[in-house]
Amino acid sequence: MQINGAHVLVTGANRGLGRQFVLSLLERGAGKVYATARRPDLIDVPGVIPLRLDVTDPASVAAAALAAPDVKIVINNAGIATGANLVTGDLDTIRREMDTHFYGTLHVVRAFAPQLADGAILNVLSALSWLANDGAGAYHAAKAAEWALTNNVRLELAGQRTLVTGLHLGAADTDMMAWYTGDKSAPEVIVAEALDGIEEHRSEVLADDWSRQVKAWLSDDPSVIYRKASEALTT
């Protein structure tokens with residue numbers, strides 16, 4: 001799978017990692033880039049095809065698939081972070097996270113899968129797919145569900161030779177993470193790792209040191225994992 005000449009659709013393309021995906025795809029010579037958002041008027045990158053797509057609205061997703069029938073790579077980037085916990089958080093807010101990250105990604109996969117034979121899907125996940133965090137319970141649960149979705153879709157689409165890649169990262173230097181004062185990766189570095197992963201036919205991309213560290217902890221007992229994480233974040 002080569003980026004050069006490929007027709008690619010990016011969700012949540014108006015800001016953050018989504019906008020960087022669009023820029024990097026153009027730099028790598030993508031033949032056509034559909035930059036999608038709930039408000040396509042906010043997309044400010046020249047040379048792309050702006051397209052309305054609300055991943056939580058199945059009708060909007062279906063319309064986007066009809067409008068972009070030549071897409072061979074789909075990048076599921078759209079996301080939210082509400083800060084809701086599971087025990088005390090507002091249930092509607094928790095559902096919004098799940099509707100966006102799990103069901104939204106699933107809507108897009110189901111709509112575009114028929115045209116992605118010998119193509120690719122990249123799902124933007126997180127190190128928080130594997131690591132819970134007080135203050136991000138809904139995000140963690142939704143990203144864990146999206147990780148499971150990614151693994152199942154990979155199996156289901158293997159017969160049509162669709163590459164399904166999960167991208168894991170810690171904090172990226174975007175407006176969504178502007179509040180965070182710890183180490184953050186440059187968006188262009190994360191996106192370069194992701195696009196390299198597609199071209200190298202990788203099922204999983206660990207884009208930074210934090211995602212690699214969290215993945216390495218997964219065989220430990222949960223009490224050990226969270227002690228190590230706490231120590232790492234305070235040193």
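Both backbone and side-chain heavy atoms feed into the values below; hydrogens, waters and symmetry mates do not.
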*Partner set under ring pair (Phe, Tyr, Trp, His ring centres under 6.0 Å) for Trp130, not counting sequence neighbours*: Trp147, His168
*Which atom names give the shortest non-hydrogen contact between Ala232 and Trp217, and what distance separates them?*
CB-CH2, 4.1 Å
*Verify, without hydrogens or angle tests, whether Arg161 (side chain) and Ala117 (backbone) share a donor-acceptor contact under 3.5 angstrom.*
no
*asked:* Using side-chain heavy atoms (C-beta onward) and a distance below 4.5 Å, is Ile121 in contact with Thr150?
replied: no
*Are any of the side-chain heavy atoms of Arg38 and Asn14 separated by less than 4.5 Å?*
no
*Just by distance, do the side chain of Ser230 and the backbone of Arg227 share a donor-acceptor pair under 3.5 Å?*
no
_CA sep, side-chain torsions, deciding dist, call: Leu86, His140, side-chain contact (heavy atoms from CB on, under 4.5 Å)_ = CA-CA 10 Å; Leu86 297 179; His140 164 61; over 6 Å; no
_Please evaluate residues Ile75 and Thr11 with respect to the criterion side-chain contact (heavy atoms from CB on, under 4.5 Å), reporting the C-alpha separation (whole Å), side-chain torsions for both, the decisive distance (0.1 Å), and the verdict._
CA-CA 6 Å; Ile75 297 176; Thr11 69; over 6 Å; no
*More than 12 heavy atoms of other residues, nucleotides or ligands under 6.0 Å from CZ of Arg110: is that the case?*
no
*Minimum heavy-atom distance His107-Val61, with the two atoms named*: O-CG1, 3.6 Å
*About how many Å separate CG of Leu169 and CG of Asp209, when rounded to the nearest 0.5 Å?*
12.5 Å
_Under a plain distance cut-off of 3.5 Å, with no hydrogens placed, do Asn123 and Thr105 share a side-chain donor-acceptor pair?_
no
*Take Asp92 and Arg95 through the salt bridge (Lys or Arg N to Asp or Glu O under 4.0 Å) test and state the conclusion after the steps.*
CA-CA 5 Å; Asp92 286 340; Arg95 288 191 184 96; 3.3 Å; yes
*asked:* So which atom in Pro69 and which in Leu66 form the shortest heavy-atom distance, rounded to 0.1 Å?
replied: CD-O, 3.5 Å
*If you measure from CZ on Arg202 to CD on Glu193, what distance do you get to the nearest 0.5 Å?*
6.5 Å
_Assigning hydrophobic clusters by single linkage (Ile, Leu, Val, Met, Phe, Trp, Tyr; side-chain heavy-atom cutoff under 4.5 Å), is Ile198 placed with Phe112?_
no
*So, do Val10 and Thr36 sit near enough that their side-chain heavy atoms are less than 4.5 Å apart?*
no
_Distance (rounded to the nearest 0.5 Å) between Leu131 CG and Gln213 CD_ = 10.5 Å
*Where Ala144 and Ser129 come nearest, the two heavy atoms and their spacing*: CB-O, 3.5 Å
*Minimum heavy-atom separation for Ala78 to Gly12, with atom names?*
CB-N, 3.9 Å
*So Asp220 and Lys228, salt bridge (Lys or Arg N to Asp or Glu O under 4.0 Å) or not? Walk me through it.*
CA-CA 10 Å; Asp220 288 335; Lys228 289 179 177 178; 2.8 Å; yes
_Side-chain heavy atoms of Tyr139 within contact of Leu128, under 4.5 Å_ = yes
*Flag, side chain of Gln160 to backbone of Ala113, donor-acceptor distance under 3.5 Å*: yes
*Quick one: do Val108 and Tyr103 end up in the same hydrophobic cluster if we chain Ile, Leu, Val, Met, Phe, Trp and Tyr together by side-chain heavy atoms under 4.5 Å apart?*
yes
*Would you say the side chain of Ile3 lies within less than 4.5 Å of the side chain of Ile73, judging by non-hydrogen atoms?*
yes
*Side chains of Leu195 and Ser24 in contact at under 4.5 Å (non-hydrogen atoms)*: yes
_Nearest 0.5 angstrom please: Gln20 CD to Ile190 CD1, how far?_
10.5 Å
*side chain to side chain donor-acceptor pair (under 3.5 Å) between Thr88 and Asn85: does it pass, once the steps are laid out?*
CA-CA 6 Å; Thr88 58; Asn85 270 338; 4.8 Å; no
*asked:* Apply salt bridge (Lys or Arg N to Asp or Glu O under 4.0 Å) to residues Lys143 and Glu97 and explain how you reach the verdict.
replied: CA-CA 9 Å; Lys143 282 298 183 183; Glu97 293 251 17; over 6 Å; no
*asked:* I'd like to know if the side chain of Asn133 and the backbone of Ala136 have a donor-acceptor N/O pair within less than 3.5 Å.
replied: no
*Measure the shortest side-chain to side-chain distance between Leu25 and Leu23 over non-hydrogen atoms and say whether it is less than 4.5 angstrom.*
no
*Check whether any side-chain heavy atom of Glu204 sits under 4.5 Å from a side-chain heavy atom of Thr165, and report yes or no.*
no
_Working note: His7 + Tyr34, criterion ring-ring contact (aromatic ring centres under 6.0 Å, His included); need CA distance, chi angles, decisive distance, verdict._
CA-CA 8 Å; His7 294 184; Tyr34 294 92; 7.4 Å; no
*Begin with the C-alpha distance, continue with both residues' side-chain angles, and end with the deciding distance and a verdict on side-chain contact (heavy atoms from CB on, under 4.5 Å) for Leu167 and Leu125.*
CA-CA 5 Å; Leu167 168 66; Leu125 304 173; 5.8 Å; no
*To the nearest 0.5 Å, tell me how far Asn77 CG sits from Arg15 CZ.*
9.5 Å
Sequence neighbours excluded and cut-off under 3.5 Å, please list the side-chain donor-acceptor pairs for residues 43-58, or say none.
residue	atom	partner	partner atom	Å
Asp44	OD1	Arg19	NE	2.9
Asp44	OD1	Arg19	NH2	3.4
Arg52	NH1	Ser60	OG	3.2
Asp54	OD1	Thr56	N	3.0
Asp54	OD1	Thr56	OG1	2.7
Asp54	OD2	Thr56	OG1	3.4
Asp57	OD1	Ala59	N	3.1

_According to a hydrophobic-cluster definition based on side-chain heavy atoms being under 4.5 Å apart (Ile, Leu, Val, Met, Phe, Trp, Tyr only), do Trp210 and Ile225 belong together?_
yes
*Is it possible for you to say whether Val164 and Phe102 belong to one hydrophobic cluster, with membership spreading through side-chain heavy-atom contacts below 4.5 Å?*
yes
*asked:* Are Leu42 and Ile80 linked, directly or through intermediate hydrophobic residues, by side-chain heavy-atom contacts shorter than 4.5 Å (ILVMFWY only)?
replied: no
*Report the distance from atom CD of Glu200 to atom CE of Met1, rounding to the nearest 0.5 Å.*
14.0 Å
_Heavy-atom pair with the smallest gap, counting every atom of Val22 and Ala35_ = CG2-CB, 4.0 Å
*Heavy-atom neighbours of Asp41 CG exceed 12 at 6.0 Å*: yes
*Determine, stepwise, if the pair Val74 / Leu122 fulfils side-chain contact (heavy atoms from CB on, under 4.5 Å).*
CA-CA 6 Å; Val74 169; Leu122 176 84; over 6 Å; no
*Is Arg96 salt-bridged to Asp99, going by a charged N under 4.0 Å from an acidic O?*
no
